[in-house]
Chemist: 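There's a structure below that I have some questions on.
First listed ligand is number 1; within each ligand, the first listed atom is number 1. Note: hydrogens, waters and symmetry copies are ignored here, and every other heavy atom, side chains too, is used. Numbers here are sequence positions counted from 1.
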Amino acid sequence: MADWVQFKTNWLRPFLFFGNNWISLIGGALTTASALVLTGFWVVAFFGHSGSSNPYLGIVFDLILPGLFLLGLMIIPIGVLRRRSLLRAAGSLPTIYPEVDFQDPVFRRGIDFVAIATFVNFVIVGAATYRGVAYMDTPNFCGQACHVMTPEWSAYPVSSHADVACTACHIAAGIPGFLYAKVNGTKQLLMIMAKDYPRPIMADNKIPPARTTCLNCHNGDANFGDRLQVETSYGDDENNSVTKTVVLLHVGGSDQFGHRSGIHGAHLSHIEYAATDSTNQTIPWIRKIGANGSIVEYRSSDSHGSANGPWRTMDCIDCHNRAAHSFDTPEKALNEEMTEGVPSSSLPFVHREGLALLKASYTSRLDAAEKIRAGIRRFYQSRYPAVWNARRPQIDRAATALVAIYDRNVFPFMKVTWGTHPNNIGHNAFPGCSRCHDGSHSAKNGKSIPNDCSVCHNLVAVEDPNPKQLTALGIQ
Ligand code: HEC
Ligand code: HEC
Ligand code: HEC
Ligand code: HEC
Ligand code: HEC
């Protein structure tokens, strides 16, 4: 009891006396207001209505609001010390500090001030937080606010996942995934503020496993059977001559008896691998684990020693790694646009010239846009003046289409260029399936991971100007 009286006379009363100044009062109000906003959001989050799994919200709730809270706390003693030294200098330090008395008008005014300032701060901090949260929760924020995401943001709208939120694949469902993403998101934002981030940004195996993301929407056991895929390509000759390649892909899956087949069926059992690089492009060690626990190990003929990297269990992402933001090769992008009609394949050599311009190196997107347009114009002006004179609009449309292809795939400021982000789905532009199916990964018994063309697909037609099989099927 005596301690309490002593504490009151020696500490509490002087503190309240000196604390009754506008600096300390504002500090107090700031602290209370940010504490109220924080607790409000914690309560909402606790009852599961936060509605947001955005990793970058951490910056608001773990840095900005606690920061304001601490700032308020630090301002209070500054005001106290200032008032004390002012009073001391004026020689008017009281000998006895006044009782805490709610009737005292000076004390009352202080209390009123704190109450009003707290309310005002609460409204301001609360509204700012609410608006910040609402904004940070939109895909616009993820893709656009941070210019470092421009490459992914540009590729995303043309993917089959254009309507799927970034967070649906980037944050594992459940609390641990949420916490991990939050810590990581805060770290990333700080890196961006400090302008200290990797260029290019690579996934580096930090994507959560498919069972916590993809499989929330996709049925891993679906049976897709065979799938006919037609690729149209244009030649480098004057006529940009068209050929078609047709493959019948054995996608497969599980049938109603649980029997697995095809490309999907073969890997959805248990396959693990260890890579020597962070993009998993070089895979010397693979093992297949049977339902009964048996292990068959395959290793590439040029592997040395045993696996030292972590073993990764193969899932959807090992093949469909570019499901939401795939960067094309210049060949593929140009073939696709020409199939759509622009650049028009009736312009002589447009494929050869366009491809060369796309592949040239430029210092910036602006530089690329200028030089690609100028290059196309110069070519027709000097080599095909008749075409240049008669078909200017078509030539300009071709140039615009080429610039658009470049802008969708190459981002000099992020050091993202053709081929920076390999796509693992095939084996022509990138190693893809051949990382394992290259004929050189074999087990102790000499059996190797199969690489006959017919294991994965029937080659119906290869670079055929007019495949009769398509005509027979009525496909043009
Ligand atoms: C359908 C799932 C999915 C969606 C939706 C998705 N991503 Fe991704 N993202 C992935 C996968 C899988 C990878 C790993 C790529 C790899 O390993 O090659 C990845 C990688 C990344 C990377 C690392 C760099 C790179 O390109 O590999 C960034 C950055 C990224 N995503 C940003 C975004 C943004 C921003 C959005 C929303 C506009 C988004 N992602 C939407 C699945 C998705
Ligand atoms: C929020 C739901 C959702 C999530 C999460 C999701 N997808 Fe999809 N996925 C879709 C929808 C919707 C489509 C489009 C279906 C269509 O167009 O018929 C699709 C289409 C696909 C396709 C076929 C089209 C293509 O691009 O070849 C693949 C492959 C695919 N998803 C793989 C994945 C992978 C891998 C992941 C995890 C990294 C994933 N998806 C996560 C909803 C989702
Ligand atoms: C070994 C590689 C591999 C794995 C693993 C894999 N896929 Fe596929 N998947 C393919 C190939 C190849 C195709 C057909 C070519 C294409 O879509 O580009 C395909 C096609 C698909 C399609 C489109 C089918 C159609 O006909 O429209 C969907 C959807 C899909 N996969 C989802 C998944 C999901 C979900 C998983 C994980 C459970 C998965 N895939 C695992 C290789 C794989
Ligand atoms: C990480 C290594 C790895 C990658 C990458 C990989 N596979 Fe496989 N694949 C295997 C292993 C291991 C087997 C099982 C071989 C066995 O059972 O002997 C297999 C089996 C298969 C089979 C069944 C072969 C048979 O004998 O019936 C097909 C089809 C197949 N893979 C297609 C693909 C396709 C298509 C891709 C690329 C989209 C791909 N794989 C990528 C490791 C891989
Ligand atoms: C391990 C499975 C696998 C093996 C083995 C395989 N391919 Fe493929 N191949 C694929 C897949 C998957 C695609 C589809 C890629 C895509 O969706 O873009 C493909 C596509 C193709 C295409 C179509 C053109 C293109 O660019 O997509 C050609 C041509 C082709 N393969 C030729 C071959 C030949 C020739 C062999 C034998 C030497 C072979 N493949 C062996 C999986 C395989």
Chemist: Touching ligand 1 at all, P200? Heavy atoms, strictly under 4.0 Å?
Modeler: no
Chemist: Relative to atom 43 (C) of ligand 2, which among A173, S159, C217, A210 owns the nearest non-hydrogen atom?
Modeler: C217
Chemist: Could you tell me whether N321 approaches ligand 1 through its side chain, its backbone, both or neither, with non-hydrogen atoms closer than 4.0 Å?
Modeler: both
Chemist: Using non-hydrogen atoms of the residue, decide whether I263 is closer than 4.0 angstrom to ligand 4.
Modeler: yes
Chemist: Does only the side chain of P151 get under 4.0 Å from ligand 1, or the backbone, or both, or neither? Count heavy atoms.
Modeler: neither
Chemist: Run the numbers for me: atoms of ligand 1, each under 4.0 Å from some heavy atom of C169, listed by number.
Modeler: 1 (C), 2 (C), 3 (C), 4 (C), 5 (C), 42 (C), 43 (C)
Chemist: When you measure from atom 15 (C) of ligand 4 to every protein heavy atom, which one gives the shortest distance, and what is it?
Modeler: Y298 OH, 3.7 Å
Chemist: Starting from atom 21 (C) of ligand 4, find the nearest protein heavy-atom neighbour and note its residue, name and distance.
Modeler: H437 CE1, 3.3 Å
Chemist: Under 4.0 Å from a heavy atom of V455: give me the atoms of ligand 4 that qualify, with their elements.
Modeler: 24 (C), 28 (C), 29 (C)
Chemist: Given C166, S326, S160, identify the one with the heavy atom nearest to atom 34 (C) of ligand 1.
Modeler: C166
Chemist: Using heavy-atom distances, let me know which of E152, Q188, H325 sits nearest atom 26 (O) of ligand 1.
Modeler: E152
Chemist: Measuring from non-hydrogen atoms of N216 to any atom of ligand 2, is the shortest distance under 4.0 Å?
Modeler: no
Chemist: Please work out which of A155, A203, A168, C316 has its closest non-hydrogen atom nearest to atom 17 (O) of ligand 1.
Modeler: A203
Chemist: How far is atom 41 (C) of ligand 2 from its nearest protein heavy atom, and which residue and atom name does that atom have?
Modeler: C214 CA, 3.5 Å
Chemist: Is R435 in polar range of ligand 4, meaning some N or O pair under 3.5 Å apart?
Modeler: no
Chemist: So which heavy atom in the protein is nearest atom 14 (C) of ligand 4, and how far is it from that ligand atom?
Modeler: K288 CD, 3.9 Å
Chemist: Taking N or O atoms only and a 3.5 Å limit, does H320 qualify as a polar contact for ligand 1?
Modeler: no
Chemist: Could you tell me whether any N, O or S atom belonging to H267 is less than 2.8 Å from atom 8 (Fe) of ligand 4?
Modeler: yes
Chemist: For atom 16 (C) of ligand 1, which candidate among H218, R322, H421 provides the closest heavy atom?
Modeler: R322
Chemist: Is there a protein heavy atom less than 4.0 Å away from atom 12 (C) of ligand 2?
Modeler: no
